[in-house]
Amino acid sequence: MTVGLVFVSHSSKIAEGLVDLARQMAADVTLVAAGGTDDGGIGTSFDRVAAAIDEADSGDGVVVLCDLGSAILTAETALDFLDDDSRARVRLADAPLVEGGVAAAVAAQTGGDLDGVAAAAGTANASA
Amino acid sequence: MTVGLVFVSHSSKIAEGLVDLARQMAADVTLVAAGGTDDGGIGTSFDRVAAAIDEADSGDGVVVLCDLGSAILTAETALDFLDDDSRARVRLADAPLVEGGVAAAVAAQTGGDLDGVAAAAGTANASA
Amino acid sequence: MTLGTEWATDWVRASAAVIAENRVELITLDREIGDGDHGENMDRGFSAVLAKLDGLADDAIPADVLKLVATTLISTVGGASGPLFGTAYLKAAGAVAGRAELDGASVAAILRAARDGIVLRGKAEAGDKTMIDAWNPAVEAADAAHANGASELEILEAAATAAAEGAASTEPLIARKGRASYLGERAIGHRDPGAQSTLLLLRAAADSARNAASE
Amino acid sequence: MTLGTEWATDWVRASAAVIAENRVELITLDREIGDGDHGENMDRGFSAVLAKLDGLADDAIPADVLKLVATTLISTVGGASGPLFGTAYLKAAGAVAGRAELDGASVAAILRAARDGIVLRGKAEAGDKTMIDAWNPAVEAADAAHANGASELEILEAAATAAAEGAASTEPLIARKGRASYLGERAIGHRDPGAQSTLLLLRAAADSARNAASE
Ligand SMILES: Nc1ncnc2c1ncn2[C@@H]1O[C@H](COP(=O)(O)OP(=O)(O)O)[C@@H](O)[C@H]1O
Ligand SMILES: Nc1ncnc2c1ncn2[C@@H]1O[C@H](COP(=O)(O)OP(=O)(O)O)[C@@H](O)[C@H]1O
Ligand SMILES: [Mg+2]
Ligand SMILES: [Mg+2]
Ligand SMILES: [Mg+2]
Ligand SMILES: [Mg+2]
């Protein structure tokens with residue numbers, strides 16, 4: 001089992017493209033896109049984010065990466081609606097979405113634990 | 001006239017989604033996606049990047065944003081192939097792709113000059 | 001005269017109406033210093049609430065109405081204002097849990113809890129050019145009115161008036177939260193859209209209370 | 001005996017062949033500490049070069065061949081190795097501009113210019129677990145051989161042998177550049193794919209020189 005990842009973006013294309021990109025280096029990690037509004041427009045969807053967190057959690061926890069501030073607000077709100085047990089297994093990464101997402105995916109693929117994967121997201125740099 | 005932007009990503013979806021997202025706050029800026037390999041796979045394309053820089057340059061210059069390191073290598077190589085005049089009007093932003101891309105788009109929309117737009121990309125933060 | 005579930009549902013209807021009426025204005029404000037969707041977002045949200053209003057149980061109390069607004073805005077708005085206003089209504093519901101009738105203290109508590117919810121969620125401070133700059137003076141005015149023994153209607157009137165001033169006060173500011181923060185000094189001279197919708201919602205609350213009083 | 005355009009085109013053909021043969025191994029190496037496409041990338045690139053080889057002018061000199069490799073790899077590889085090897089061949093072409101025949105000094109200059117091009121592009125240092133860790137010893141060995149009066153073939157043999165040692169030397173390292181740098185200590189025990197393809201290309205250069213010598 002591994003830590004799962006959720007990519008929250010204002011754009012469904014960005015979230016889906018990031019799943020494709022991170023997948024290259026993380027074949028076995030559950031990567032879930034939560035991009036766009038319910039009708040596929042630009043924005044974020046509470047329901048998509050909540051469902052994605054649920055889907056990504058196999059019991060080892062979930063790291064959530066976001067693009068702009070309102071994506072973070074949506075993700076934090078989704079966390080508030082989780083029961084305490086599930087919420088304890090979720091981390092919002094303080095990291096840029098794409099760069100942090102790839103770094104977190106690699107960390108999850110190589111067996112990183114919840115806090116390790118969240119920390120890896122934050123160390124994403126442009127040298128890689 | 002405004003500074004144009006090029007979004008270089010390993011994924012065509014990410015680059016295109018970012019154009020959609022940044023467009024919301026930058027209606028008049030030339031935003032060009034350069035994502036994926038020539039055959040649409042995951043990777044970067046020198047030809048797409050070179051063509052995108054050309055397309056984005058209306059004379060006021062171009063700021064290029066990249067995702068992972070190999071995108072930066074591709075973009076830097078594309079710059080090497082420009083003539084000196086054109087190259088002097090291009091900046092590679094040291095910034096995360098999505099977050100920096102939106103910040104740069106806003107800066108370009110509000111009339112920022114080349115160095116101003118590149119600097120705006122670098123100040124992208126998650127509060128917005 | 002206390003305010004009950006009818007006031008709460010009236011408030012929702014009046015909110016939906018005033019947001020729909022001001023949709024274009026909110027869009028225009030958000031286009032100046034944001035992404036131009038605030039009017040659409042809020043209208044989508046309150047239209048969805050309106051559609052669910054008839055589904056409320058017959059014995060619903062005001063907290064049930066507030067909670068319905070909260071969850072619906074959170075699910076449907078699609079922008080920063082969704083989680084922000086959603087959390088506001090959720091905390092407001094929590095502040096009057098179990099109460100069928102809301103007295104002055106409850107009304108003031110609703111506003112305070114809503115404001116605190118927005119701060120909890122968005123971490124904005126006074127002067128950051130956000131909806132908080134409308135909520136802060138509204139909460140203070142409501143508390144002051146309540147301390148002076150004002151009626152529920154008077155408390156809401158005071159809040160709405162203060163929110164209007166607060167919304168106007170955002171115009172000269174530079175934004176430090178939300179999308180407008182990208183704009184730096186270019187945000188100066190533009191009113192924050194979320195502060196504007198805050199004043200519309202609080203004005204609707206007062207109007208609904210006036211209707212309740214006059215019935 | 002100097003090396004001419006025929007050696008250069010032979011080197012391209014031998015490179016394409018050896019990369020195709022080792023495609024799966026390069027993919028496997030890159031799957032361990034990267035994204036698993038290095039074999040595909042290099043094979044795509046050299047197949048494209050091969051397809052263009054017949055289009056070279058009859059009076060093409062080695063620099064023309066190197067330049068063709070450079071621009072084709074840059075346009076077709078699609079991964080970090082494209083701009084890196086592309087810049088290498090481009091700088092190598094620049095180092096022997098105008099020369100129809102390459103002597104030992106020219107051969108050593110090609111290798112040095114190629115290595116410098118990769119460093120210019122990728123900013124890797126020795127020990128960063130990149131292709132540079134194969135190129136650095138190759139360049140040193142070539143220079144040393146040339147200083148000792150070695151033939152072109154001997155220089156290239158020395159370079160290939162040193163590159164092989166260099167590629168092996170990446171195994172115990174932690175990566176500080178490229179995708180493998182995401183892996184931290186997990187990269188230990190795996191050979192860098194780009195260092196491996198470097199050794200294949202330099203081995204092909206020596207093999208082509210041996211064929212030229214034996215004709
Ligand atoms: N962190 C925050 N704290 C308080 N209010 C905020 C914050 N971020 C944004 N806002 C409010 O949200 C409003 C914008 O809402 P909206 O346009 O619906 O969302 P978005 O910016 O995601 O498009 C702003 O006018 C501002 O009042
Ligand atoms: N900055 C760099 N400097 C030198 N070599 C590098 C650098 N980044 C990557 N490499 C080399 O590139 C190789 C990977 O190439 P490839 O798999 O084709 O590209 P990508 O990593 O984009 O998928 C690595 O094995 C390494 O040798
Ligand atoms: Mg908006
Ligand atoms: Mg929006
Ligand atoms: Mg690779
Ligand atoms: Mg690759």
Side-chain angles (χ1 to χ4, degrees), chain B residues 6-16 32-55 62 64-84 86-88 90-98 122, chain D residues 27 30-31 33-45 47-48 67 69-91 93-94 116-124 128-132 175-183 192-194:
Chain B
V6 171
F7 302 138
V8 183
S9 173
H10 279 66
S11 153
S12 59
K13 282 189 200 162
I14 291 177
E16 286 164 19
V32 188
T37 60
D38 287 336
D39 53 8
I42 297 289
T44 55
S45 156
F46 173 85
D47 292 339
R48 286 188 184 197
V49 174
I53 292 172
D54 192 56
E55 185 183 340
V62 179
V64 180
L65 289 112
C66 300
D67 55 5
L68 311 184
S70 42
I72 299 174
L73 296 179
T74 301
E76 285 176 347
T77 307
L79 293 201
D80 277 2
F81 278 78
L82 291 176
D83 60 61
D84 290 352
S86 308
R87 188 169 48 243
V90 182
R91 300 283 178 278
L92 287 196
D94 181 14
L97 175 65
V98 175
Chain D
I27 286 175
D30 198 30
R31 193 167 288 144
I33 59 168
D35 57 353
D37 61 5
H38 186 61
E40 228 174 288
N41 289 344
M42 294 296 288
D43 191 30
R44 187 188 310 115
S47 299
K67 209 165 170 184
V69 177
T71 54
T72 307
L73 292 185
I74 287 171
S75 292
T76 58
V77 166
S81 52
L84 291 165
F85 280 125
T87 305
Y89 283 92
L90 201 63
K91 299 296 180 187
D116 290 352
I118 296 168
V119 171
L120 186 78
R121 178 63 63 224
K123 320 235 156 35
D128 282 356
K129 196 180 182 101
T130 71
M131 55 174 72
I132 281 303
R176 280 188 295 257
K177 287 282 174 190
R179 286 173 181 271
S181 65
Y182 285 120
L183 286 163
D192 177 65

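We use all heavy atoms of the structure for the numbers below, so side chains are in, but hydrogens, waters and symmetry mates are not. Model, not experiment: these values are computed from the prediction.
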Drop me the distance from D:Ile118's CD1 to B:Leu73's CG, to the nearest 0.5 angstrom. 11.0 Å

Among B:Asp47, B:Asp39, B:Thr37, residue most engaged with chain D (heavy-atom pairs, under 4.5 Å): B:Asp47

Quick one: CD1 on D:Ile74 to CG on B:Asp80, what's the gap to the nearest 0.5 Å? 8.0 Å

Quick one: which of D:Ser75, D:Gly86, D:Ser81, D:Gly79 has the most heavy-atom pairs under 4.5 Å with chain B, could you say? D:Ser75

Return the CZ to OG1 distance between D:Arg121 and B:Thr77, rounded to the nearest 0.5 Å. 3.5 Å

Drop me the distance from D:Arg44's CZ to B:Asp38's CG, to the nearest 0.5 angstrom. 8.5 Å

Does any part of the side chain of B:His10, heavy atoms only, come nearer than 4.5 Å to the side chain of D:Asp35, both counted from C-beta? no

Can you tell which part of B:Thr74 gets under 4.5 Å to a heavy atom of chain D, answering side chain, backbone, both or neither? both

